[in-house]
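What follows is one structure encoded as structure tokens, with my remarks underneath.
First listed ligand is number 1; within each ligand, the first listed atom is number 1.
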Amino acid sequence: PYSVEGSRCIIGASIGVAIAPFDGQSSEDLVRNADLALYAAKGNGRGRFRFYSSDLHQSAEDRRALEEDLRDALARGQMELTYQPVVNAKSNMVTGVEALLRWNHPERGLVGPDEFIPVAERSGLIVPIGYWVIEQACKRLQESAEMGFPGLVFAVNLSFRQFHDRNAQRCLRELNQLGISFALDDFGTGFSSLSNLQHLPISLVKIDKSFVQELGNSADAEHIIRAIISLAHSLQISVVAEGVETEGQLEFLRQQHCDEIQGYYYARPMPWADLVQFLNKRGQAACLQQ
Ligand code: C2E
Ligand code: CA
């Protein structure tokens with residue numbers, strides 16, 4: 001407390017945080033985004049802090065409208081999964097797919113998950129949507145086995161919010177015993193930290209695409225990727241690199257013994273029918289059955 005002209009003054013602080021280079025490349029961008037985060041922190045009450053995230057750009061009004069529409073999206077059949085192949089770096093075979101959610105909004109057109117997942121998380125709608133994703137992916141998994149692609153690994157994305165208030169650690173272990181394995185996404189950034197590797201039954205880490213895309217521009221990216229791969233392998237954890245777009249990135253990752261590759265270099269996320277065609281073209285059916 002300060003004493004100002006005889007009266008006691010208690011000063012608090014609200015903090016907005018923006019981190020380079022993810023939240024902005026220039027000082028102006030960083031300060032503007034930190035400011036947006038600051039306003040959001042103040043909106044949550046006094047004396048809070050808040051990290052910047054891209055969804056802060058949406059006005060509160062816009063967000064409310066999006067949330068309204070999101071409530072009916074499942075029932076109206078507006079949700080759709082796309083599938084992106086994951087390729088084994090040694091054998092060059094497609095070993096799995098990642099299911100990525102899309103929202104066909106009647107007026108806005110295709111809305112990307114970066115825009116609506118944060119809204120779904122905040123409103124709790126991620127829970128029913130998440131169940132739908134799992135159910136849909138399981139159906140496709142069965143279909144793929146029947147079509148002659150047994151052993152294809154299906155990955156779905158889960159938000160921590162989807163574990164409710166249950167003990168996520170125990171929940172993961174129980175699912176693990178059913179033959180479901182877990183990958184830690186966006187490894188090396190934000191909330192995806194080393195301590196997770198120690199406490200959760202993680203069998204795969206995904207190197208965030210921000211590192212892969214810096215390959216060739218920054219020696220740091222090379223060092224970081226090398227370190228992630230060697231750390232993971234020493235813990236018997238596999239590594240997949242996401243966001244691989246070029247031959248050069250692929251070559252570097254192969255040299256470093258990265259296990260799996262995902263990215264536009266091989267294929268973009270695509271509708272189910274296109275994925276089946278993609279697998280057939282690569283002559284995957286026969287090989288996977290061996
Ligand atoms: P993520 O799990 O990190 O997914 C990878 C993102 O990178 C996808 O974006 C994918 O389309 C994109 N990508 C793949 N290869 C390349 C590449 O070579 N270059 C570039 N520039 N990008 C590439 P998408 O589909 O927009 O998904 C964004 C995020 O939304 C996902 O990030 C994931 O965190 C979240 N998400 C998607 N579907 C679901 C879902 O069903 N449930 C939950 N909870 N989150 C989801
Ligand atoms: Ca993912």
| Just by distance, do the side chain of D23 and the backbone of I19 share a donor-acceptor pair under 3.5 Å? | yes

| query | Going by the order shown, which atoms of ligand 1 are within less than 4.0 Å of some heavy atom of E245? | reply | 17 (C), 18 (O), 19 (N), 20 (C), 21 (N)

| message | For the 3.5 Å polar cut-off, considering only N or O atoms, please tell me whether Y265 and ligand 1 meet it. | response | no

| remark: Within 4.0 Å of some non-hydrogen atom of G263, the atoms of ligand 1 are 15 (N), 18 (O)

| field | Interfacing atoms of ligand 1 (cut-off 4.0 Å, heavy-atom, Q84) | value | 14 (C), 15 (N)

| Considering only the protein, which heavy-atom contact is closest to atom 36 (N) of ligand 1, and what is its distance? | P113 CB, 3.9 Å

| query | Taking non-hydrogen atoms only, is P269 closer than 4.0 angstrom to ligand 1 via side chain, backbone, both or neither? | reply | side chain

| request: Return yes when E121 approaches ligand 1 closer than 4.0 angstrom through a heavy atom, no otherwise. | output: no

| said: Using the rule side-chain contact (heavy atoms from CB on, under 4.5 Å), only one of T95, L279, L275 pairs with P85; which is it? | reply: L275

| Got a donor-acceptor contact below 3.5 angstrom from the Q84 side chain to the A267 backbone? | yes

| request: Give the atoms of ligand 1, by number and element, whose distance to some non-hydrogen atom of V244 is under 4.0 Å. | output: 18 (O)

| query | What is the closest protein heavy atom to atom 5 (C) of ligand 1, and at what distance does it sit? | reply | E242 OE1, 3.7 Å

| message | Counting only heavy atoms not in R254 (residues, nucleotides, ligands), do more than 12 fall under 6.0 Å from its CZ? | response | yes

| query | Can you tell if the side chain of Y83 reaches within under 4.5 Å of the side chain of L81, non-hydrogen atoms only? | reply | yes

| said: List ligand 1 atoms under 4.0 Å from Q213, heavy atoms only on the residue side. | reply: 19 (N), 20 (C), 21 (N)

| Relative to the heavy atoms of D186, which atoms of ligand 1 are at a distance of less than 4.0 Å? | 3 (O)

| remark: Looking only at protein heavy atoms, what sits closest to atom 44 (N) of ligand 1 is S159 OG, 3.0 Å

| remark: Under 4.0 Å from one or more heavy atoms of V133, ligand 1 contributes atoms 41 (O)

| message | If the contact criterion is a heavy-atom separation under 4.0 Å, does K206 count as touching ligand 1? | response | no

| message | With the threshold set at under 4.0 angstrom, would you say G243 reaches ligand 1 through any of its heavy atoms? | response | yes

| field | Protein contact to atom 28 (C) of ligand 1 [nearest heavy atom, distance to 0.1 Å] | value | D114 OD1, 3.4 Å

| field | Side-chain donor or acceptor of E115 paired with backbone N/O of G112 under 3.5 Å | value | no

| message | Has T82 got a side-chain atom pairing as donor or acceptor with L100's backbone, closer than 3.5 angstrom? | response | yes

| field | Nearest option to atom 31 (C) of ligand 1, as decided by whichever heavy atom of I129, D185, L158, L100 sits closest | value | L100

| field | V156 and ligand 1 - part of the residue with a heavy-atom distance under 4.0 Å | value | neither

| query | Which residue owns the protein heavy atom closest to atom 13 (N) of ligand 1, what's the atom, and how far is it? | reply | Y264 CE2, 3.8 Å

| said: If you scan the protein for heavy atoms around atom 9 (O) of ligand 1, do you find one that is closer than 4.0 Å? | reply: no

| said: Is K209 close enough to touch ligand 1? Criterion: a residue heavy atom under 4.0 Å from a ligand atom. | reply: yes

| field | Apex the Ca ion (ligand 2); atoms N157 OD1 and D185 OD2; angle rounded to 10 degrees | value | 90°

| field | Ring geometry between W272 and F154 (parallel below 30°, tilted from 30 to 60°, perpendicular above 60°) | value | tilted

| task | Check whether any N or O atom of Q262, backbone or side chain, sits under 3.5 Å from an N or O atom of ligand 1, and answer yes or no. | result | no

| Taking 3.0 Å as the cut-off, does an N/O/S atom of E98 lie below it from the Ca ion (ligand 2)? | yes

| query | Would you say the side-chain atoms of D35 pair up with the backbone N or O of V31, donor to acceptor, closer than 3.5 Å? | reply | no

| message | Other residues, nucleotides and ligands only: do more than 12 of their heavy atoms fall within 6.0 Å of CZ on R268? | response | no

| said: Considering non-hydrogen atoms of the protein only, which is the closest contact for atom 42 (N) of ligand 1, and what is the distance? | reply: N157 O, 3.3 Å

| Would you say R102 contacts ligand 1, with heavy atoms under 4.0 Å as the rule? | yes

| note | Quick look: L101 vs ligand 1, heavy-atom contacts under 4.0 Å, and the answer is both

| request: Report, in ascending order of atom number, the atoms of ligand 1 lying under 4.0 Å from any heavy atom of E98. | output: 2 (O)

| query | Does the salt bridge (charged side-chain N to carboxylate O under 4.0 Å, His left out) test come out yes or no for R226 and E222, once each step is laid out? | reply | CA-CA 6 Å; R226 249 191 226 118; E222 286 187 22; 3.8 Å; yes

| request: Establish, yes or no, whether the cationic atom of K42 lies under 6.0 Å from the six-membered ring centre of Y39 and within 45° of the ring axis. | output: yes

